[in-house]
Protein chains: 2
Amino acid sequence: MTDPGKEPAPVLVWSKDRRTPRRQAPSVEQIVHTAIRIADAEGLSALSMRRVAADLGSGTASLYRYVASRDDLLDLMIDTVQGEAGPPPLSGDWRADLSEVARHVRATMLRHPWLGSELAGRPALGANSLRRYDVALTTATALTPDITLAANVVDTVLAYVFGTVARELADEQARRRSGLTEDQWRDSVAPYIRDVIASGAYPQFARLVLDAEDTGPDQRFDFGLACVLDGVAARVGGTGSAGLAHS
Amino acid sequence: MTDPGKEPAPVLVWSKDRRTPRRQAPSVEQIVHTAIRIADAEGLSALSMRRVAADLGSGTASLYRYVASRDDLLDLMIDTVQGEAGPPPLSGDWRADLSEVARHVRATMLRHPWLGSELAGRPALGANSLRRYDVALTTATALTPDITLAANVVDTVLAYVFGTVARELADEQARRRSGLTEDQWRDSVAPYIRDVIASGAYPQFARLVLDAEDTGPDQRFDFGLACVLDGVAARVGGTGSAGLAHS
DNA sequence: CCTCTGTTGCGAACAGCGTACCGCAATGGC
DNA sequence: GCCATTGCGGTACGCTGTTCGCAACAGAGG
């Protein structure tokens, strides 16, 4: 450690190595895949440009040759992930097909827990997102030829799916952010919930916590989806376009 | 402007003023309100601890006497905003009341565009959020006494609301992030959409863009909400507990 | 084979972030 | 009028996204 970093001192020619063996170009796909891997494994907060570059073995600034900004990278990650499972086969039965689309979306979000928070503030205009949307629209046109109505149906179903899965993910996300283990987290939330119940200000919530039989997230999802599809069927089903009648 | 910021140069004793007149304590409420104002006006990206402190006229480090971290501040902001409108009056008609709750939630999210992205990754356990949830549960118990089922109903409705409004906000959020004006944004999106349609790969989406009559976000919201409530009524309405029958 | 030129990698620097430490000034009690 | 206590906030650390400009290479032309 003889006087580190004070004198640049032109090194002897023969002692300077060829820096790095000139890594091959990372390419956009590699960057995006690496970023997705990091976000999946360690959460969005661990996803920095420096980190991606390090995992790729390249310099940080090099990434900007392929991706304009971190924001663009996130958009690319989202769209890549939307396309990772092929489109589901369509049976022609609109209800089964829309269910399948919904389950697909949920599976994608659960596989990539960062999707929920990231998708919230962005319009999904990527090629894969659009393909998914187009498939969903196709299934809905089996219910009604009116494209406006079909879009309303698809939007309703997808909104339900997104909202539900976002809440499913919220707990795990918060725990991860806090850095606690699952047990520590439970032990830190439990006393608060106990106080909330003991306060008596939230009687129904208390009843829910104490009495409810937890049916598990899958059943909850299926229940809500069934409700939404029932409602769509009731409101759009028979008629061609009387769907906008109110309440 | 004589050589600004180059020489610290110990100032003469009599020229050093009493620094700052010792501002009064900011208090948690003031901090949270200031933060909300900044986020509402300039977006989440403009919300930094330094910025909040500056707007409050206090030192940055002082905030940490009242708020443990930026993350805690965000949680406090969320819960404050959830409580800013009193609970809606309950009529006893579950459908009208649940609609009212849904409209309330939407109004809150639209008033604070940052709520969408922030709420996505957090469980809402604050006092005001819990009160809202409790009110929603109460309205649902008018539909069914089964608390588990009532919670499923409420979760379904709220998931739809959250998902829909999140998408409503997404466009505006993206535009804001890009820093473009509304016109610039439109001009930058339009050619892409044109290309997408011209590609022919998304026929239904193309049909939607070209043929659909835009009914406006309010009507879209009401349509989806009516669907969800229809579905809930169909699945829970008459029976007491047969709600989990599938598909 | 050499040189010249366009492309690409990336070190270093910059502004700004959240947060921890701790000296110092103002305040309350005597 | 003095001192002990309190708590504000300047400063600093390590991190972030992003830019600039040079170094190193590839391929073409002589």
Side-chain angles (χ1 to χ4, degrees), chain A residues 4-11 13 15-32 34-35 38-39 42-77 114 118 177-179, chain B residues 4-5 8-11 13-14 16-28 30-32 34-35 38-39 42-77 118 177-179:
Chain A
K6 194 58 191 294
E7 281 258 338
V11 296
V13 257
S15 75
K16 67 164 72 166
D17 50 3
R18 53 273 180 265
R19 294 186 169 277
T20 42
R22 205 61 178 178
R23 322 274 175 185
Q24 82 284 7
S27 88
V28 179
E29 281 85 17
Q30 281 187 20
I31 293 174
V32 173
T34 305
I38 294 173
E42 302 171 52
L44 263 185
S45 60
L47 183 77
S48 72
M49 300 302 271
R50 282 166 167 80
R51 178 65 203 282
V52 173
D55 274 28
L56 254 110
S58 80
T60 307
S62 306
L63 301 185
Y64 287 89
R65 294 257 170 211
Y66 301 91
V67 166
S69 67
R70 183 180 193 267
D71 228 61
D72 273 25
L73 175 57
L74 283 168
D75 279 335
L76 290 174
M77 288 169 64
W114 46 271
E118 217 42 46
R177 222 189 346 264
S178 73
Chain B
V11 296
V13 255
W14 51 78
K16 67 164 68 165
D17 50 3
R18 54 270 179 267
R19 295 181 166 277
T20 42
R22 204 64 177 173
R23 321 276 176 183
Q24 82 283 8
S27 89
V28 179
Q30 281 188 18
I31 294 175
V32 173
T34 305
I38 295 172
E42 303 172 48
L44 263 185
S45 60
L47 182 77
S48 71
M49 300 303 271
R50 283 160 164 72
R51 177 65 201 282
V52 173
D55 275 27
L56 246 84
S58 80
T60 307
S62 306
L63 300 185
Y64 287 90
R65 300 256 155 208
Y66 302 91
V67 166
S69 68
R70 184 180 192 267
D71 227 62
D72 272 26
L73 175 58
L74 282 168
D75 280 335
L76 290 174
M77 289 168 64
E118 217 42 47
R177 219 184 353 258
S178 73

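In this structure, CZ of A:Arg70 is placed 18 Å from C1' of D:dT19, rounded to the nearest angstrom. Taking atom CD of A:Gln30 as the reference point, atom P of C:dT8 lies 15 Å away to the nearest angstrom. For B:Leu63 and D:dC8, the CG to P distance is 10 Å, given to the nearest whole Å. When rounded to the nearest whole Å, the span between CG of A:Asp71 and P of D:dT16 equals 17 Å. Across the protein-nucleic acid pair, B:Leu73 atom CG and C:dG18 atom P stand 10 Å apart, rounded to whole Å. Rounded to an integer number of Å, the gap from CG of B:Asp72 to P of C:dG18 is 14 Å. Rounded to an integer number of Å, the gap from CZ of A:Arg177 to P of C:dG18 is 15 Å. Spacing between atom OH of A:Tyr64 and atom C1' of D:dT19 amounts to 9 Å, rounded to whole angstrom units.
Phosphate contact (OP1/OP2 of D:dG7, side-chain N/O of B:Arg65, threshold under 4.0 Å): absent. Contact check, A:Thr60 against C:dC10: no side-chain N or O comes under 4.0 Å of OP1 or OP2. Here A:Ser62 reaches the OP1 or OP2 of C:dC10: one of its side-chain N or O atoms lies under 4.0 Å away. Residue A:Tyr66 has a polar side-chain atom (N or O) positioned under 4.0 Å from OP1 or OP2 of C:dG9.
Evaluation of atom-type donor-acceptor distances gives no pair under 3.5 Å for the side chain of B:Arg50 against the base of C:dG16.
Distance check, rounded to the nearest 0.5 Å: CG of A:Leu63 to CG of A:Leu73 gives 8.0 Å. The structure places CG of B:Leu56 at 4.0 Å from OG1 of B:Thr34, a figure rounded to the nearest 0.5 Å. B:Tyr64 OH to B:Asp72 CG: the interatomic distance, rounded to the nearest 0.5 Å, is 10.5 Å. Separating the CD1 atom in A:Ile38 from the CG atom in A:Leu44 is a distance of 11.0 Å, to the nearest 0.5 Å.
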Dump the intermediate steps for side chain to side chain contact (heavy atoms under 4.5 Å, CB included) on A:Met77 and A:Trp114, then the final yes or no.
CA-CA 10 Å; A:Met77 288 169 64; A:Trp114 46 271; 3.9 Å; yes
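Listed candidates were D:dT18, C:dG18, D:dG9. Nearest to the side chain of B:Ser58 is D:dG9. Here D:dG9 is the nucleotide among C:dG18, D:dG9, C:dC10 with the atom lying nearest to any side-chain atom of B:Ala61.
Axis orientation changes by 20° from one end of the helix from C:dC1-D:dG30 to C:dC30-D:dG1 to the other, with each end axis drawn from 5 pairs and the value rounded to 10°.
Using a distance-only test at 3.5 Å, with no hydrogens or angles considered, no donor-acceptor pair links the side chain of A:Arg177 to the main chain of A:Gly43.
Evaluation of the side chain to side chain contact (heavy atoms under 4.5 Å, CB included) rule for B:Ser48 yields B:Arg50, B:Arg51 as partners, not counting sequence neighbours.
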